[in-house]
**Q** 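Here's a structure for you.
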Amino acid sequence: MLYSELFLPTIREVPTDAEIISHQLMLRAGMIRKLTSGVYSYLPLGLRVIRKVEQIVREEMNRAGAQEVLMPAIQPAELWQESGRWSFYGKELIRFKDRHNRESCLGPTHEEVITDLVRNDIKTYRQLPKNLYQIQTKYRDEIRPRFGVMRCREFGMKDAYSFDADMAGADLSYQKMYDAYMRIFSRCGLVFRAVEADTGNIGGSSSHEFMVIADSGEDAVAFCAACQYAANLEKAEVLAPETMSTPVEPLPLTEVETPNVRTIHEVCDFLKVSPEQIVKTMIYQGDAEVVAVLVRGDMEINEAKLRNYLKADTLELATDDVILKATGAPRGFAGPIGIKVKVVADYSLKPMQNMVVGANKQDYHILNANISRDFKISDYADLRVITEGDACPRCRSEIRFARGIEVGHVFKLGTKYSKAMHAMYLDRSGQEQVMIMGCYGIGIGRTVAAAIEQNYDDKGITWPVPIAPFQVIITPVNVNEESLLKTARDLYDRLTADGVEALLDDRDERAGVKFNDADLIGIPLRVTVGPKKLAEGKVEIKIRKTGVVDEVLLADAPGYIRTFIADAVGTAS
RNA sequence: CGGGGCGUAGCGCAGCCUGGUAGCGCGCUUGCUUUGGGAGCAAGAUGUCCGGUGUUCGAAUCACCGCGCCCCGACCA
């Protein structure tokens, strides 16, 4: 490709509305342009990278035994009503009526369509297992699109769906996808971690997220410093305290006036106690029941855990009315003593003694509350958010936190969709059985953005070779010198003939401009064709990522370049 | 949806407070010079000042109503 013909508008200045580095660099490097909030066009350079990632995904999916299909973006409401998600999915689903007034939507994901496809044509265990995938555009009307291509309303996603006859088969399908994902993200040159995750509204029994470690990540990951354990914060298990603290003399229950003191912070200041002595009492409204949840004052309740514990579809903080009814006091003074709803406590309550609790009475708290003497707890459970320094639930070593970008997610769906939509098959004995499903997603554009978050410097992007838009850029320092341009052209022709993805910067620009553009767009190798070295029959080859410059005889350059690329691509895969 | 901010040339911004006929840098066009890390000189082109309504002799500037975008919170690949 000739640079002079490429549609590659680079920007020198940093666009102010781009907050994170990948967004800035994708704009500056002429990869993307925004059409409207959360909707982007890919320009030639950006699309080349997208295609590279897609190709890696395709190769690994095929290698894992999945088959590519392509499903529609337009989907009828009936399928979604059948699965129950038409009412459940919410505003994120872009709905519309066609000219015949039929309710439709733009697919945010394809469990319904694939399940419909499979149930119509797969009838027997002999046809199972199957794993079908597609790389297709998804539509989600995100509450707040942000970070450029990282979180947008229209985006490219690889989604795969497995169908198995039994659990053992489903587990194997899941493992194959898990392994394929490990290879995919490794090949993309990413530093990532597979973490245990909550299943969210896709549903199902278990799941892993593939997190690219980056400070700009929207997700927090808890991981063990010693073992392989890693989990999304909302999933990470917290162990019950092993040892009780040394018993102290229970002090008499004392009610104190705490005018307008509501938050943990205010209580600490007012009563001169530390948060560890306080019990936080939160009133939640589950599907049908109202519960009081207790956790130590310095800790946070994990609503995902609570929802799972209560087996509730919906869960939210109780309204002021409900709180008043349950406690007899306004928000801010709830406590377990005399409360009129079921009380569950996080394990963190177990060792606490002489605690500070709300008095269920406006402007009052109670000192020296003790479990069983003063109030009862109907159940203990793991209900809090893990904190840094907690014990690893697997090996009891120390938990640390990192930020991550979720680029992939694998779910064991079980029978959630196959049951609702009657995806059945006949087993060996002629009995009708429900298929066991799994689903597996990769955000293509997000993977590209994540790769930039991990591969850049002050000059621009430093692409990992396997996903670079071009492998080498050839820069004649002055195209008005015939010999330089001709040498560069010959080298370009030779490399292209060898199957190397080369870009020839034949623009009549100053060398500095070309060098800066080459650095910005991040091509792994730059061959500089200049008068000084050419007089010795040499060119310079600069490695973008390391900055290392090698002087190479012109005749040796193609070999040098092919070896470099083969090593880089080979090592990664 | 709640809270904050912004909207003036392709990009980055000033001008707005205190109303008086639109400006800077970069980029773009042409010419000459220059040519190994974002060149110099000269001459140019480019604006529904987000939109509407109002106030005023006069509105980018003041008021009201919209719209769009960005950032912070609940969602997710």
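Below, chains carry the letters A, B, ... as their sequence lines are ordered, and counting in each starts from 1. It should be emphasised that the depicted structure is a prediction, and the values quoted were computed from it without experimental measurement.
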**Q** Pick base, sugar-phosphate or nothing for A/Asp517, based on heavy-atom distances below 4.0 Å to the nucleic acid.
**A**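 Base contact.
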
**Q** With heavy atoms under 4.0 Å as the rule, sort A/Asp17 into base, sugar-phosphate or nothing.
**A**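 The answer is sugar-phosphate, as A/Asp17 gets under 4.0 Å only of primed atoms, P, OP1 or OP2.
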
**Q** Base, sugar-phosphate or nothing for A/Glu92? Non-hydrogen atoms, less than 4.0 Å.
**A** sugar-phosphate

**Q** Given B/C72, B/U35, B/C76, identify the nucleotide with an atom nearest to the side chain of A/Arg446.
**A** B/C76

**Q** Just how far, in rounded Å, is P of B/G25 from CZ of A/Arg12?
**A**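 Going from A/Arg12 (CZ) to B/G25 (P), I get 14 Å.
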
**Q** Establish whether the base of B/G37 is bridged to the side chain of A/Glu509 by a donor-acceptor pair shorter than 3.5 Å.
**A**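 When only heavy-atom distances are counted, A/Glu509 does not reach the base of B/G37 through any donor-acceptor pair under 3.5 Å.
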
**Q** Describe the nucleic acid contact of A/Lys542 in one word from base, sugar-phosphate, nothing, applying a heavy-atom distance below 4.0 Å.
**A** base

**Q** What nucleic acid atoms does A/Thr36 come within less than 4.0 Å of, heavy atoms only: base, sugar-phosphate, or nothing?
**A** sugar-phosphate

**Q** Categorize A/Glu540 for me: base, sugar-phosphate, or nothing, with a 4.0 angstrom heavy-atom threshold over every strand shown.
**A**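 The residue A/Glu540 makes base contact.
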
**Q** A/Phe185 vs A/Tyr181 aromatic rings, parallel, tilted or perpendicular, using cut-offs 30° and 60°?
**A**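 Geometry flag for A/Tyr181 against A/Phe185: perpendicular rings.
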
**Q** With a cut-off of less than 4.0 Å, is there a side-chain N or O of A/Thr109 near OP1 or OP2 of B/A77?
**A** no

**Q** With heavy atoms under 4.0 Å as the rule, sort A/Gly512 into base, sugar-phosphate or nothing.
**A** sugar-phosphate

**Q** Within a radius of less than 6.0 Å around CG of A/Asp215, do more than 12 heavy atoms belonging to other residues, nucleotides or ligands occur?
**A** no

**Q** Remember a base hit wins even if backbone is also touched, and classify A/Gly530 as base, sugar-phosphate or nothing at under 4.0 Å, heavy atoms.
**A**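 Result for A/Gly530 = base.
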
**Q** In whole angstroms, how far is the P atom of B/C69 from the OH atom of A/Tyr40?
**A**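 Atom-to-atom, A/Tyr40 to B/C69, this comes out as 10 Å.
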
**Q** Taking atom P in both B/G27 and B/G10, compute the distance separating them and give it to the nearest angstrom.
**A** 16 Å

**Q** Regarding A/Thr447, tell me which of base, sugar-phosphate or nothing describes its non-hydrogen contacts under 4.0 Å with the strands shown.
**A** nothing

**Q** Please report the distance separating the P of B/A39 from the corresponding atom of B/G20, rounded so that it comes out in whole Å.
**A**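 Nearest-Å result for B/A39 against B/G20 at atom P: 38 Å.
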
**Q** Within the structure shown, what part of the strands sits under 4.0 Å from A/Pro531 by heavy-atom distance: base, sugar-phosphate, or nothing?
**A** base

**Q** Could you check whether A/Lys34 gets within reach of a base, just the sugar-phosphate, or nothing at all, counting any heavy atom under 4.0 Å?
**A**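 Sugar-phosphate: the residue A/Lys34, judged by heavy atoms under 4.0 Å, touches backbone atoms but no base.
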
**Q** At under 4.0 Å between heavy atoms, what does A/Arg33 touch on the DNA or RNA strands: base, sugar-phosphate, or nothing?
**A** nothing

**Q** Would you say the side chain of A/Arg28 and the base of B/C11 hold a donor-acceptor pair, judged only by whether the two atoms sit under 3.5 Å apart?
**A** no

**Q** For the pair A/Tyr89 and A/Trp80, name the ring-plane relationship: parallel under 30°, tilted 30 to 60°, perpendicular over 60°.
**A** perpendicular

**Q** Looking at the base of B/C76, is there any donor atom on it, or on the side chain of A/Asp219, that sits under 3.5 Å from an acceptor on the other one?
**A**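 Counting by modelled atom types and ignoring angles, a donor-acceptor contact under 3.5 Å is found here.
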
**Q** How would you label the contact of A/Val407 with the nucleic acid (heavy atoms, under 4.0 Å): base, sugar-phosphate, or nothing?
**A**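 Answer is sugar-phosphate: A/Val407 comes under 4.0 Å of backbone atoms only.
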
**Q** A/Val477 has a side chain; which of B/C71, B/A77, B/G36 sits nearest to it?
**A**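 The closest nucleotide is B/G36.
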
**Q** Using atom P in both nucleotides, what's the gap between B/G51 and B/C67 to the nearest angstrom?
**A**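 My reading of the P atoms in B/G51 and B/C67 gives 15 Å.
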
**Q** Does any N or O donor sit under 3.5 Å from an N or O acceptor when you compare the side chain of A/Asp519 with the base of B/G37?
**A**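 Indeed there is one.
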
**Q** Considering every strand and a 4.0 Å limit on heavy-atom distances, what is the contact class for A/Arg144: base, sugar-phosphate, or nothing?
**A** base

**Q** Determine which nucleotide pairs with B/C24, using a 3.5 Å limit on both distances of a Watson-Crick or G-U wobble pair.
**A** B/G12

**Q** Can a side chain N or O of A/Thr16 be found less than 4.0 Å away from OP1 or OP2 on B/C70?
**A**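 For A/Thr16, the contact criterion (side-chain N or O under 4.0 Å from OP1 or OP2 of B/C70) is not met.
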
**Q** Please check if atom OH in A/Tyr178 has more than 12 non-hydrogen atoms from other residues, nucleotides or ligands closer than 6.0 Å.
**A**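 More than 12 within 6.0 Å, yes.
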
**Q** Counting only side-chain N and O atoms of A/Arg507, is one of them less than 4.0 Å from OP1 or OP2 of B/U35?
**A** no

**Q** Who is the Watson-Crick or G-U wobble partner of B/A42, with both distances under 3.5 Å?
**A** B/U30

**Q** Would you check if A/Phe515 stacks with the base of B/G36, given a 5.5 Å centroid limit and a 30° plane limit, both strict?
**A** no

**Q** Closer than 4.0 Å, any side-chain N/O of A/Arg140 to the OP1 or OP2 of B/C76?
**A** no

